[in-house]
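Keep in mind that the numbers below use all heavy atoms, side chains included, and drop hydrogens, waters and symmetry copies.
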Amino acid sequence: MGRVLERLTLARKALGMLKEVAFLEAPTPVERDAAVQHSEYTFEAFWKALQAYLREREGLEAASPKGTFRPAREVGLWNEEETLLSLAMTDDRHLTVHTYNEGLAKAIYQRLPRYAELMERALGRMDEGDPV
């Protein structure tokens, strides 16, 4: 589980930094945009940690975020609602990488706390081997 632990550590570190800005009540535009951009990095670290976990712990291969998130439900890392949220998070991440629109940035910023909580729960379950 060496690669998994390395990936989990990176994902936890990224998530910790994201949480510093994702829960601000009245972020400045710079703070909001920084949070949205940092969510991209956190997303990448998170899905790659999950990918490594599924490969090493469950013997499952996945090549994309959505291809990783769907099997996470099958192995009990999260429930149906969390699966749907993870797929929405993937769509939001795709939008932030490929375009900038202030209205979109505001909308995604509002969803970041739910995404951060989802990633935190999943990382905890991977640590503990504790399915839902």
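- Listed here is the closest heavy atom pair of Val4 and Ala52: CG2-O, 3.4 Å.
- Note on Met17: it does not cluster hydrophobically with Phe46, by side-chain heavy-atom contacts below 4.5 Å among ILVMFWY residues.
- Legend: residues meeting side chain to side chain donor-acceptor pair (under 3.5 Å) with Arg55, ordered by chain and number and at least two apart, are Glu61.
- Leu87 and Leu118 fall within the same hydrophobic cluster, defined by Ile, Leu, Val, Met, Phe, Trp and Tyr side-chain heavy atoms under 4.5 Å apart, directly or through other members.
- Here Asp91 pairs with Lys66 under the side chain to side chain donor-acceptor pair (under 3.5 Å) rule; sequence neighbours left out.
- Leu10 and Leu77 fall into different hydrophobic clusters, where Ile, Leu, Val, Met, Phe, Trp and Tyr are joined by side-chain heavy atoms under 4.5 Å apart, directly or via other members.
- Within the 4.5 Å cutoff, side-chain heavy atoms of Tyr115 are placed close to those of Asp92.
- Between Pro71 and Thr68, the shortest heavy-atom distance links the atoms CD-O, 3.2 Å.
- Just one of Arg121, Arg73, Arg114 meets the salt bridge (Lys or Arg N to Asp or Glu O under 4.0 Å) condition when paired with Glu82; it is Arg121.
- Taking both residues in full, the closest heavy atoms of Leu123 and Ala11 are given as CD2-CB, 3.9 Å, listed atom of the first, atom of the second, then distance.
- Residue Gln37 qualifies as open at atom CD: its count of foreign heavy atoms under 6.0 Å is 12 or below.
- Looking only at side-chain heavy atoms (C-beta outward), Trp47 and Met89 stay at 4.5 Å or farther from each other.
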Would Met126 and Arg57 satisfy side chain to side chain contact (heavy atoms under 4.5 Å, CB included), going step by step from the backbone distance to the final call? CA-CA 9 Å; Met126 284 186 267; Arg57 191 87 183 259; over 6 Å; no
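- Pairing each heavy atom of Ala105 with each of Val36, the nearest pair is O-CG2, 3.7 Å.
- In terms of hydrophobic clustering, with Ile, Leu, Val, Met, Phe, Trp and Tyr side chains grouped at heavy-atom distances under 4.5 Å, Leu8 and Val75 are assigned to a common cluster.
- Scanning both residues, Leu50 and Phe69, for their nearest heavy atoms gives CD2-CD2, 3.5 Å.
- Residues in residues 8-19 take part in these side chain to side chain donor-acceptor pair (under 3.5 Å) pairs, two or more places apart or across chains: Arg12-Asp127, Lys19-Glu120.
- Environment of CD in Glu81: sparse, with no more than 12 heavy atoms of neighbouring residues, nucleotides or ligands closer than 6.0 Å.
- Ala35 and Val21 get closest at one heavy-atom pair: CB-CG2, 3.4 Å.
- In this structure Tyr41 satisfies the ring pair (Phe, Tyr, Trp, His ring centres under 6.0 Å) test together with His38, sequence neighbours excluded.
- For Arg70, there are no salt bridge (Lys or Arg N to Asp or Glu O under 4.0 Å) partners two or more places apart in sequence or in a different chain.
- Residues forming a side chain to side chain donor-acceptor pair (under 3.5 Å) with Glu40 (at least two apart in sequence, or on another chain): Thr96.
- Listed for the Gln51 side chain is a donor-acceptor partner under 3.5 Å among the backbone atoms of Ala62.
- Residues Leu85 and Leu104 are members of one and the same hydrophobic cluster, defined by side-chain heavy-atom contacts under 4.5 angstrom among Ile, Leu, Val, Met, Phe, Trp and Tyr.
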